[in-house]
Structure formats: C-alpha cells, structure tokens
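Shown next, in structure tokens, is the structure this report addresses.
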2 protein chains.
Amino acid sequence: MAKPTRKRGADRRDDALSRDRVVEAAIALLDTEGEHGLTFRALAARLATGPGAIYWHIANKRELLAAASDAVVARAMAGVAGHATPRKAIRGIAVGVFEAIDAHPWVGAQLSRGPWQTATLQIFERIGRQVQALGVAPAAQFTAASALVNYIVGVSDQNAANGRWFEPAVDRAEFLETVSAQWKGLDPHAYPFTRAVATQLRKHDDRVEFLAGIDLILAGIAAAR
Amino acid sequence: MAKPTRKRGADRRDDALSRDRVVEAAIALLDTEGEHGLTFRALAARLATGPGAIYWHIANKRELLAAASDAVVARAMAGVAGHATPRKAIRGIAVGVFEAIDAHPWVGAQLSRGPWQTATLQIFERIGRQVQALGVAPAAQFTAASALVNYIVGVSDQNAANGRWFEPAVDRAEFLETVSAQWKGLDPHAYPFTRAVATQLRKHDDRVEFLAGIDLILAGIAAAR
DNA sequence: ACCTGAACACCGTTCAAGT
DNA sequence: ACCTGAACACCGTTCAAGT
C-alpha cells in the first residue's frame, strides 16, 4: 500500500496552530471581550502558546483584524438566501450584513474604514451582481453599487456602535429615548433639523428605517434608467 | 474706574494651555505625522509641557480626536458658500466634506466610525436642512439625510484612505491603474463584477464619480415625492 | 518548519508634588 | 486652578534559542 499523499501539515497534531485556528480564536476573543480585548498576549493564552508563535501565521494585527472580518462576512454572505428579484436579493444582502455587524460589532468598525479590504469587496461584489441584474448601464454600475455598499456598511456600523454604548439589559426603546433626548438637548439655534427628527427617532424601528434607505437608493437607481 | 469684568482665564499668559490650544496642536500633529503620530508625549513636547498637563483640559484621547474632527468639520462647513437651490447646496456641502477629509485623512477615519459624534452631526444637520428645503415629507427626512451623510462620509474616507497607501509623489492616474490592476487580479470566478468595473475605474474622476452618487440619491429622494 | 518567551520600544493614563 | 514628570500597567513586535 502506497503512502497517502500528504498535503502541507496534514500530519500535524490537532492542537497545532494554523492561520485558521488563529483567526477563529481572534473572532471568539473579539466577540466576548470586545475590540480592545484582542491582544497578542490574550490570544496566545487562549491558544496555549507564546505571543511570538502567532506571527508565524499572521503578519500583524491589521492583517488579523482583516482576516477575522473577512471570515465573518463570508459566513454572512453564505447564509443569504436566494431571491426571486434583484431588488429582493439586495435587501437580503443588506439585512445579512446588518445582522452580522449587529452580532459582531467590531466588524462594523473594520468595514466602515477605508480602504476597502476583501471583506468589503465581498459585499461590493454581491451587491454589484444584483445591480447588473437590475439592468443598470455599465457606466453607472460602480456608482450604484458604491452608494448601496456605503449606506449598508455605514448604517450597520452606526447601529452596532450605538448598541455598544449601553448594557445589553437596556432595551431598545429606552435607548432610543436616550438618543432622542440627547439630540433634543442640542443647541436649538445650531441644530433645528436634528432636534426635529429626534422626535420621530423615538418610535423608529431600526430595521424598517434601514430598509427604507435601501429602497430610497433603489428608487434613485430606477429613476436613472 | 471699575476693574474690567474678567472671564475665566482672561488674564492667562499667552503661552498657557487651553482646550483650544491643545486641540489645535493635535490637529497640526495629526496633519504632519498622521494618525499614529498623535501621542500625549509628542503633543506635550509640542506644547512644551508634560503629558499629564493635557489631561487638565481634555478627558482622554477619544475626546481629543473627537474635538479635533469637530473643529476641522466646523471650519469646512463655514467655508461652504450659499447656493441658489437645495440641490446645489447639498452638492456644495458634500464637496466641502470631501475636500476636508482629503486634506485631513484622519478625519475620515473618525467620522466613518459610529456612533455619530458632533462632527458628523454638524454634517447631518446641514444636509438635513436642505432635505427639508427640498420639500421631503417629515417622516422621510431622516432616511434621506442619513443616506446622503453615510454616502458622503463613506466615499470621502475611502478616497482619503486610498491616497494614504501611496507616497504623495505617485500621481492619481498611476494609483488608479494600480487599484484597477489589483481588482482585476482577483479570482475571476469569485469576483466577476468587481473585475468588470475595475476597467472603468481606470479612467474615472473621483470627484465626478462622487457627485454622481449624490445625484443618484437625490433622484431617489425626488422619486419618493 | 514551527514554536517559545524574554526583551525592546513604545503607549494612555494617573497622581503625588509643586506653583 | 493649573502644571509637572515619574511611574504604572499595559501594548505590538522582534528574535535568539529551542524542537
């Protein structure tokens, strides 16, 4: 019997380090301890090794954060169901990103900052295909996809970041009340508009509001055709 | 003759510290050294004092970054000229933000991350007033202003962040060529859309592209009326 | 090839002591 | 009231030494 062909590292101990294991451990740490909880020392402790070992698998912290975000987004995109129309597909992708960032707030911070990494490009690609399916002229496709992606990522991050301000115990209604009160406390002379919308904000459903913005941009895309 | 009424600190030495001087020094440091160049030690050296002195005027680094961004945005907003129509005014505000972030790339990072601070609220307020002037129904004003602000800040930050990747000497055309080549190097099976738009990207004027996105959202707002 | 962990060169922030 | 600067409790990253 011939020896089985072995791939690189195929005979490694199960507890050996690998880029994937490092990234998964980073995600777990980020999820439980928050963004400032990810340190090479804490990560090394979790992996039962020294901080230096991690650098054999990942170049630096920036790459680690990018890889962690990329993995979370890939999972979220894989979980998005197929849809009958491009319009519904775009809404589905948008909700998928929104929920992924809500569940992993640190991803929002990672995606909202330029330059676009692979994580954001995944979203851009998925949205872009639906923009094509919508029949948008090639010269206008970049603009349309860019508007959608910036809106999706921006609002999702803002939603997740606001959530981070409060303990999980505080419910949504109380939170909106607080932001609303905060905005209404702004200088009336300098912030008349913001104060005015603060009133509506109180009885506003994030998800409904989020999708209304998607529809607004879709209407703009349709109008251009 | 009665003593003149004095405001708090009115008789201070000219070289005394103040919140404003700290913030201005931080802006200068951020502009010349970049985001990682702002440290309390470097800032203290620039102000000819010790790092501890700064904490008398500002609570912590986050507040310092927020105050610095707020000052830059305030200046940018003050520089935006009046316009005959709400549509032109919105484009003017958008270009003002774009240029401010291009000149101070660290502001883009600051604004693109939620939760919204006063700097972003300034932009939201200015945009919102024009959305009102456009005749948008009150219930739809938040959505419209939010879509515009997220797009403006997102694209401006991305533009500035891309610029930071290269030395100033590398010109725009060469840069776009590089990004275009990078995107075209992506896996054809996984990134057909991104690769397709990479071609257009090469001969694309950032500012024109940016304003096309604003117009797209404005068209969506108009369609909803 | 991959792992170890001490060491280097930093950070933000605090605080007793000064003026 | 405001400033000083040493000290504390960390960081990311490197690298000689191991297996």
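First the proteins, then the strands, lettered A, B, ... as listed; each starts at 1.
For H57(A) and dA1(C), the NE2 to P distance is 13 Å, given to the nearest whole Å.
For the 3.5 Å distance criterion, the side chains of D70(A) and Q117(A) fail to qualify, holding no donor opposite an acceptor.
Between dC3(C) and W56(A), no contact under 4.0 Å exists linking OP1 or OP2 to a side-chain N or O.
The salt bridge (charged side-chain N to carboxylate O under 4.0 Å, His left out) test applied to R46(A) returns no partner, not counting sequence neighbours.
For DNA chain C, if you chain together Watson-Crick or G-U pairs that step i with j, i+1 with j-1 and so on, the runs of at least three with distances under 3.5 Å are C:4-8 with D:12-16, C:12-16 with D:4-8.
For the pair S180(A) (side chain) and A198(A) (backbone), a donor-acceptor distance under 3.5 Å is present. Not a single donor-acceptor pair under 3.5 Å links the side chain of Q158(A) to the backbone N or O of G114(B). Under a 3.5 Å cut-off, the side chain of E35(A) and the backbone N or O of W106(A) do not form any donor-acceptor pair. In this structure, N150(A) contributes its side chain and S146(A) its backbone to a donor-acceptor pair below 3.5 Å.
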Completion exercise
The contact string for nucleotides 6-19 of chain D, one letter per nucleotide 5' to 3', using protein heavy atoms under 4.0 Å with B, S and - for base, sugar-phosphate only and none, comes out as -B---BBBBB----
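Contact between V155(A) and F210(A) at its shortest, heavy atoms only, is CG1-CD1, 3.6 Å.
Considering D157(B), I152(B), V73(B), V72(B) as possible partners of L111(B), the one that fulfils the side chain to side chain contact (heavy atoms under 4.5 Å, CB included) test is V73(B).
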